[in-house]
Amino acid sequence: MDIINLFELISRILIISISVSAPYIFAGIGEMFSQKSGVLNLGVEGIMMVGAFSAFYFTWAYNNVLLGIAVSLIVGAVMGLLMGFVSITLKAKQGISGIGIYMLGWGTAGTLFRLFIGGVESIDKGVENIDLPVLGRIPYLGRIFFSHNILVYAAFLLVPLSWYLLYKTPWGLKVRAVGSTPRAADTMGISVNKIRYQCVIIGSTLAGLAGAYLSIAQANMFTSDLIAGRGFIAVALVYFGRWKPFGVLKGALLFSTANAFQRWFQISGINFPYEVTVILPYLLIIVVLAFSHKGFAEPTALTVPYDREFKG
Amino acid sequence: MWGIDMQKIKSMEMKGITKRFPGVIANKDIDLKVNSGEVFALLGENGAGKTTLMNILYGLYSPDEGNIYINDKKVIIDSPKKALELGIGMVHQHFMLVPSLTVSENIALGSDFESKFRLDLKKISKNIKKLSKDYSLEVEPEKKISELSVGEQQKVEIVKALYHGANFLVLDEPTAALTPQESSQLISWLRTVIKEDMGVIFISHKLNEVMSVSDRVQVLRNGKTYFSAKTKNTNIDELAKNMAGREIKLPKLEAEKTHGDILMELKHIWVKDRRGIDVLKDINLKLREGEILGIAGVSGNGQKDLAEVITGLKKAYKGEIIFGDQNIEKKSVQEIIDLGVGFIPEDRLHMGTIPRFTVKENLILKDYLKNPFSNNYILDQNYIKNYCKTTVEEYDVRCPNINTPTHALSGGNIQKIILSRELKREPDVLVAAYPIRGVDIAAVEYIHSKLLEARENGMAILLITEELEEIMNLSDRIAVIYEGEILRILDNTAASKSKLGTLMAGVVDENK
Amino acid sequence: MKINKAQLIQLAISTAVLGLSLITALLLGSVILIIAGVNPLIAYKALVIDPVSSLFGISEAVVRAVPLMLVGTGISIAFRSQMINIGAEGQIQLGAIAGGAAAIYFSGLPKIFLIPAVILIGFTAGGIWGGIAGWMKAKLSVNEVLSTVMLNYIAFQLYLYLIRGPLIDPAELAWGTGVPQTARIAGAAEISRIFLGYRVHYGIFFAIVMAFFIYFLLWKTTFGFRLRAVGEEKNAAAYAGVKVDKYLVMAMILSGGLAGIAGTVEVLGVHRRVLEGLSANYGFSGIVVALFGRLHPIGVIPASFLFGLLLIGAEKMQRAVDIPSALVISLQGLIILSVVSSSLLLEKKKYRDKIYNIFS
């Protein structure tokens with residue numbers, strides 16, 4: 001293989017890697033907010049499913065990408081509200097209620113898909129790529145970094161933005177306090193539950209967007225196995241990223257690169273059982289989780305509902 | 001808040017406060033009044049209702065009956081924020097600080113900011129420095145809470161309250177985790193610096209502290225007021241009697257015994273925590289038959305690790321523990337239990353018992369494997385039932401029946417379950433960590449007499465505690481632990497409170 | 001088991017709360033249906049009434065209750081040990097493929113040896129799969145929800161690979177049809193059907209016996225005492241001499257093993273070969289069953305029958321009134337949410353006393 005072809009190959013893989021990283025970033029950063037405030041939302045996968053379905057349906061039926069995105073955000077927020085109600089107000093076990101949210105999203109997306117669409121449909125025009133002026137014309141780099149759709153840019157902007165929010169604003173300080181010592185925050189007049197609701201809803205809204213990205217920006221279609229575990233991977237990325245925005249970004253890029261390689265494998269014609277290439281990302285996440293450094297980064301009140309009059 | 005001119009609290013009055021929790025009346029018709037410029041002591045046993053009353057004042061609980069008046073005006077305090085706004089600051093027994101944040105971030109938590117989008121910590125740090133100078137309370141704003149000692153954290157708590165405009169302070173058991181030196185510093189600070197400016201409620205169960213710090217004292221028992229007086233018009237005995245409801249004379253060690261055989265010996269034990277820091281350094285101890293060895297020290301100086309390394313829950317990376325004729329350091333917890341080491345752990349709710357297990361199940365927590373409790377892996381329900389019924393009677397565990405979940409019982413009764421389980425197994429060596437923490441005086445009396453009885457019968461007991469009185473009453477010898485090291489081992493007769501106090505602060509006088 | 005009045009009231013309260021949860025879930029589910037423009041009454045008639053109105057429906061419900069009971073019992077063990085095992089789906093598939101392969105290749109053995117051996121192999125396959133997640137949790141503190149989910153995806157692909165490739169029925173290759181399924185298992189390995197013309201098989205008795213066995217194991221043996229101690233309070237269990245890590249792994253092995261058996265029994269009793277879509281999300285329905293049975297093996301028995309009916313109802317609904325059977329997954333999600341929410345009512349003393357007063 002000569003140099004030009006190798007360059008071509010690497011840049012192709014990187015282009016794919018960057019464009020498929022967006023849903024991991026959206027969902028991962030969202031889940032990070034939720035966990036930072038002390039709520040482990042395991043329902044991300046289900047929220048992504050309804051997000052993906054609703055975005056696809058409204059784009060397909062009304063031919064309006066913006067409407068599709070807007071609805072996916074709303075649907076995500078509603079799912080977050082439900083998760084919040086169950087796990088914050090009713091203080092249900094978070095691990096199990098997340099599974100309830102997952103199944104609710106999964107079943108609802110499936111049901112509505114069959115009722116409203118019925119079979120395989122695709123949209124011709126999803127979220128379109130935008131070449132950034134000037135930057136987009138840099139050889140190789142332009143194509144890799146500056147020729148994506150607007151959601152990709154949004155995802156990459158979200159990372160420093162959420163870092164700023166968490167570490168440089170009063171609200172971020174409250175989130176960090178609520179996630180580690182809610183009682184202390186409460187005595188300082190911070191409403192623990194309010195902050196937690198905000199974070200869970202931010203998280204699930206972003207999960208809805210992540211789903212929308214998959215259906216109307218990446219695949220331009222909806223199938224029941226579209227999400228394929230990405231929601232759970234996003235939760236794992238939060239652990240991998242040590243509850244830090246740039247850590248989550250690192251994880252997202254690792255996985256999107258793995259995805260890109262996997263695709264290249266499948267289309268490259270190398271003789272390899274298809275199933276094995278499909279397994280790779282899941283194996284990778286298990287390995288990553290196993291070797292993630294265990295330390296003191298985890299919000300100490302993660303999964304613990306707050307109860308002011310609880311006499312412990 | 002900072003900069004806002006708040007009305008000063010000249011007097012704070014609680015009238016007819018009643019608070020019920022399911023099954024208990026925590027406060028019953030309590031009145032109290034505190035004026036600016038005085039230190040008011042609220043005295044009572046554990047469970048007497050002091051903390052509940054103060055949580056009501058601080059807006060954490062809402063009272064079922066009764067009202068609060070500030071400067072003779074009725075106020076409703078329905079949240080801690082409201083209490084702060086009124087100028088009431090509270091330093092809780094368990095600090096309300098976020099360990100992963102810095103001092104200034106912790107203080108910033110309750111502040112209003114000019115901008116929602118910018119966290120200006122510089123200004124806050126500056127204000128903290130000024131405040132800490134004004135009130136002679138040294139704190140470093142940039143340090144993380146997790147890096148501070150207990151005494152330093154307490155200062156942060158006080159600064160936090162003052163920063164947010166408190167001009168009335170409530171201190172809940174403020175000396176519980178301090179060294180005797182730190183305690184007396186705090187007391188003199190309260191009497192000189194703070195009293196000038198504001199009213200103080202000082203909650204304690206320690207009589208001598210109350211005598212030295214307060215102007216007036218009120219005693220609570222079973223949620224009711226039993227006694228109140230000017231401190232100078234009362235004395236320790238009168239307060240003690242009112243606190244316990246009857247005269248209680250805690251049992252004391254009988255005259256010195258001859259030292260028995262060595263049952264267990266710790267030789268050069270070193271233990272690391274999970275961050276790799278040494279928490280026990282070269283520990284050498286001998287436990288003798290029929291002897292109580294007291295470990296004195298401010299909690300957090302390695303006591304927990306010491307108890308756990310003996311019982312096999314933690315492993316030493318150097319050194320050995322000789323028990324009988326073998327080194328048990330490498331043995332499993334189960335093997336050490338079977339060899340005859342008992343353990344009354346510090347955390348009775350989550351280590352000594354399983355909260356959702358029944359009384360019955362917790363009573364056999366260490367015996368279920370043995371015949372006749374079980375036979376060929378099958379539990380003998382009948383035997384267990386009868387055994388537990390007898391034990392509950394024998395040790396006077398108050399519970400509806402032996403199938404009640406343990407978390408429904410009071411602290412004293414839970415401790416009795418643990419005590420009976422550990423003593424009935426008749427171990428050669430017993431590690432007792434803070435056996436009376438949080439239990440009422442009647443239970444203290446009972447637990448101490450049981451421990452002394454076990455000593456009489458030849459048990460070697462390692463008693464870990466932070467209460468000097470307890471350690472002086474019970475121990476044949478006293479070892480002082482400081483930052484994971486045993487500084488000195490003294491005979492009971494050679495020990496005094498002041499000597500132990502200096503040692504507990506880490507001061508070793510090399511000339512002696 | 002002696003039951004006194006207090007326990008009876010407790011049982012009544014639990015049942016009432018569960019009933020309320022179910023109704024809440026159905027009401028919330030009707031919102032989805034209304035959004036979709038479907039009359040919820042029509043849907044729910046097909047879902048709830050139709051299955052019990054024919055012998056065929058009841059037989060099919062019992063057929064589904066078998067895997068639900070085995071999986072639900074297993075999940076109860078895991079959840080009681082604070083291990084949120086959502087990997088039953090993968091554990092079922094591995095149990096099915098391992099047991100199925102054994103039932104094909106050991107065809108020479110007599111029935112009395114073959115069936116237990118095959119079931120044991122199914123248990124082992126599922127147990128290993130669950131045990132991996134348990135081991136990773138105990139030794140590497142890997143969140144078990146994530147690891148079991150990932151293991152599900154891996155098991156699914158492994159399963160597909162095996163029935164498409166190495167284990168495919170030679171006849172499929174010979175005829176060139178290529179349907180991904182294995183050959184038929186040996187006749188001696190088949191679990192017999194109880195009534196002619198209905199699929200309900202003797203596996204149901206086996207499942208009930210297993211539930212009682214697990215109950216006995218958990219509450220009457222020293223092993224169960226330790227397992228429950230670890231689940232309730234790890235520190236206290238360690239203090240009492242229990243090797244916590246070992247019992248976490250054990251709980252997951254048992255849990256996965258029971259799911260594995262469920263897969264094997266599906267092959268031996270229902271399909272008689274390993275084929276695509278063998279586990280109709282029993283791994284997830286099993287979670288609902290376990291929660292509905294209050295994580296108690298005996299409670300799981302009636303819950304399995306109830307959800308067996310619900311699953312068959314969902315299929316009827318799809319066929320009769322064309323409402324997608326996927327709805328039942330939403331409903332199960334809602335049931336999980338309302339059941340875990342109701343635990344606030346049952347566990348908080350304040351509320352519990354109030355409810356108790358109503359009943360006594």
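All chains are named by letter (A, B, ...) in the order of the sequence lines, taking the proteins before the strands, and each is independently numbered beginning at 1.
The shortest heavy-atom contact between A:Pro170 and B:Ser115 is CG-O, 3.8 Å.
Between A:Thr187 and B:Leu84, the closest side-chain pair of non-hydrogen atoms is not below 4.5 Å.
Taking CG of B:Leu97 as the start and CZ of A:Arg183 as the end, the distance is 14.0 Å to the nearest 0.5 Å. The CG atom of B:Leu109 sits 8.5 Å away from atom NZ of A:Lys174, with the distance rounded to the nearest 0.5 Å. The distance from atom CE of A:Met188 to atom NE2 of B:His164, rounded to the nearest 0.5 Å, is 4.0 Å. To the nearest 0.5 Å, the span separating CZ on B:Phe117 from OH on A:Tyr164 amounts to 9.0 Å. Considering CD1 of A:Ile190 and NZ of B:Lys81, their distance stands at 8.5 Å, rounded to 0.5 Å.
Interface remark: B:Tyr58 contributes side-chain atoms only to the contact with chain A (heavy atom separation under 4.5 Å). For B:Pro355, no part sits under 4.5 Å from any heavy atom of chain A, backbone or side chain. Heavy-atom distances place no part of B:Ile145 under 4.5 Å from chain A, backbone and side chain included. At a 4.5 Å heavy-atom cutoff, the contact between A:Leu173 and chain B is made by backbone and side-chain atoms alike.
Between chain A and the options B:Lys116, B:Arg118, B:Met96, heavy-atom pairs under 4.5 Å are most frequent for B:Met96. Ranked by non-hydrogen atom pairs under 4.5 Å with chain A, the options B:Met90, B:Lys160, B:His94 are led by B:Lys160. Per-residue heavy-atom pair counts under 4.5 Å with chain A were compared for B:Leu119, B:Asn55, B:Leu121, B:Asp120, and the maximum is reached by B:Leu119.
Residue B:Lys144 qualifies as open at atom NZ: its count of foreign heavy atoms under 6.0 Å is 12 or below. The environment of B:Glu140 atom CD is sparse: at most 12 non-hydrogen atoms of other residues, nucleotides or ligands sit within 6.0 angstrom. When the shell of 6.0 Å around CG of A:Leu157 is examined, it contains more than 12 heavy atoms from other residues, nucleotides or ligands. A 6.0 Å sphere centred on NZ of B:Lys315 holds more than 12 heavy atoms belonging to other residues, nucleotides or ligands. Other residues, nucleotides and ligands contribute at most 12 non-hydrogen atoms within 6.0 Å of the NZ atom of A:Lys250. The neighbour count for A:Leu161 CG, taken as heavy atoms of other residues, nucleotides or ligands under 6.0 Å away, is above 12.
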Yes or no on side chain to side chain contact (heavy atoms under 4.5 Å, CB included) for B:Leu60 and A:Asp186, after CA distance, side-chain angles and deciding distance?
CA-CA 9 Å; B:Leu60 276 168; A:Asp186 187 20; 4.0 Å; yes
